[in-house]
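The structure appears below as structure tokens.
Both counts, for ligands and for their atoms, begin at 1 and track the order of listing.
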Amino acid sequence: MATLKAASAETVSLRTSDDDDVLGKFPFAAPSIDIVICFHNEEDTIELLFDRLRAVLRECAISWRVICVNDGSTDRTLELLVKQHEHDSRVKIIDLSRNFGKEQALTAGLDACDADAVVCMDADLQDPPETIKDFIQYWRQGYEVVYGVRARRDRDTLLKRATADLFYRAFNLLSNSSIPRNVGDFRLLDRKAVIALRQLQERNRFMKGLFNWVGFSRIGVDYHREMRIAGKTKWNYWRLWNFALDGITSFTTLPLRVWVYVGVITALAAFVYASFLVVRTLILGVDVPGYASLMVAVLFMGGIQLLSLGILGEYVGRLYNEAKGRPLYLVRHRIGF
Ligand code: UDP
Ligand code: MG
């Protein structure tokens, strides 16, 4: 009796709840995986998505849940998701109160995860579910973040590729952290990385940057980004532009600080030019013409001031959003939790 008690006490002291968080449950118990998928008006893709996903998960021989976030869809998405849940209770649904945008929806999904690893993927089958097998394989080898790298982007238009390239260059140049190119949200995160991500409570959520910021041991897996199987992309160029601004402003303050140097250089140039004008006036007397140079100087300075003010505005606006401290998303129902 006494030995039994001692043994159970030892077991308890070996497995504290802290261990679960720091080490993950793996390899102590059979590993489990949560798949987070955000849906915004994806009624045409759901059935095919689940068919392919289920086939892959069956092969992986792992215990799984699919966490579907319905991001304010106005079509039959929710109804079809509920059908999937009724068919298989491992499909869980988080129904947001309105459309919050993909970054927020993804956050809602990650907050609901409780597995040893989490895979984030899109609903439109542009991220092939078969790649998840490779993700799991690398994760079992000990990598904590396995991200999908789009091997070819020839399905994207030339303009989209060029602007994406420009963005990566600008981002990596301006911010200290560098995000790998052609990497989206399609990835596997170990429990440790998910717990770390939950601590980043900023409202301005540039997930690609946040995924990168938390660190951990990482590896990329090439995959073929397919065409959207149905429906259309929710990202137009205006949305992409704002997304790029969010990304840059949330990871660097260089655009704010650069005006100190621009100001110093302009002031120095102005001082040199003013000295030249004073000396010239002293020697040659008053010289009335000068309209063109005056105009150029005024317009140039006006332009620079408006530009710097605009950049200031971008940051102040985001600061305002953070200061309000509103919740990141609101949930209408949770189904299956
Ligand atoms: N999405 C979302 N909320 C939005 C916009 C998109 O949850 O406000 C989801 C969408 O349903 C899809 C994923 O985010 O599963 C990627 O969206 P999309 O295919 O439009 O982006 P792209 O692949 O063109 O970058
Ligand atoms: Mg897509």
Protein contact of [atom] - nearest heavy atom, named by residue and atom, plus distance:
{"atom": "atom 16 (C) of ligand 1", "result": "D122 OD2, 3.4 Å"}
{"atom": "atom 7 (O) of ligand 1", "result": "C38 CB, 3.3 Å"}
{"atom": "atom 24 (O) of ligand 1", "result": "T233 OG1, 2.6 Å"}
{"atom": "atom 18 (P) of ligand 1", "result": "R228 NH2, 3.5 Å"}
{"atom": "atom 3 (N) of ligand 1", "result": "D71 OD2, 2.6 Å"}
{"atom": "atom 5 (C) of ligand 1", "result": "K234 CB, 3.8 Å"}
{"atom": "atom 25 (O) of ligand 1", "result": "W235 CD1, 3.6 Å"}

With heavy atoms of [X] as the reference, note each atom of ligand 1 found under 4.0 Å away.
{"X": "D124", "value": "19 (O), 23 (O)"}
{"X": "E42", "value": "10 (C), 11 (O), 12 (C), 15 (O)"}
{"X": "N99", "value": "3 (N), 4 (C), 8 (O)"}
{"X": "Q126", "value": "19 (O), 22 (P), 23 (O)"}

Heavy-atom side-chain proximity of [X] to [Y] below 4.5 angstrom:
{"X": "V69", "Y": "L106", "value": "no"}
{"X": "V82", "Y": "I335", "value": "yes"}
{"X": "L189", "Y": "L197", "value": "yes"}
{"X": "N321", "Y": "N204", "value": "no"}
{"X": "D122", "Y": "I37", "value": "no"}
{"X": "L81", "Y": "F50", "value": "yes"}
{"X": "D116", "Y": "I33", "value": "no"}
{"X": "K208", "Y": "Y147", "value": "no"}

- Out of R218, K192, R191, which residue meets the salt bridge (Lys or Arg N to Asp or Glu O under 4.0 Å) rule with E144?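 Single pass found, and it is K192.
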
- Query: Taking distance alone, with no angle check, do K160 and ligand 1 share an N/O pair under 3.5 Å?
  - Reply: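 Not met; the criterion fails.
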
- Query: Quick one: does A105 get an N or O within less than 3.5 Å of an N or O on ligand 1?
  - Reply: no

- Considering only heavy atoms, does E103 approach ligand 1 within less than 4.0 Å through its side chain, its backbone, both, or neither?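 Contact part for E103 vs ligand 1: neither.
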
- Query: Which atom pair, heavy atoms only, marks the closest approach of P129 to M121?
  - Reply: CG-CE, 4.1 Å

- Close approach, Q104 and ligand 1, non-hydrogen under 4.0 angstrom: no

- Would you call R225 a ligand 1 contact, heavy-atom distance under 4.0 Å? yes

- Query: Ion pair present between D114 and R65, side-chain N to carboxylate O less than 4.0 angstrom?
  - Reply: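 Answer for the salt bridge query: no.
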
- Task: Using a strict cut-off of less than 4.0 Å between a Lys/Arg side-chain nitrogen and an Asp/Glu carboxylate oxygen, indicate whether R318 and E322 qualify as a salt bridge.
- Result: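 Salt bridge flag = no for E322 with R318.
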
- Do the rings of F171 and F206 sit parallel, tilted or perpendicular, given the 30° and 60° boundaries? tilted

- Plane angle bin for Y223 and F186 - parallel if under 30°, tilted between 30 and 60°, otherwise perpendicular: perpendicular

- Task: Just go through H40, M121, K102 and tell me whose heavy atom is the nearest to atom 14 (O) of ligand 1.
- Result: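 The residue whose heavy atom sits nearest atom 14 (O) of ligand 1 is K102.
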
- Which residues and atoms, protein N, O or S only, are under 2.8 Å from the Mg ion (ligand 2)? D124 OD2, Q126 OE1

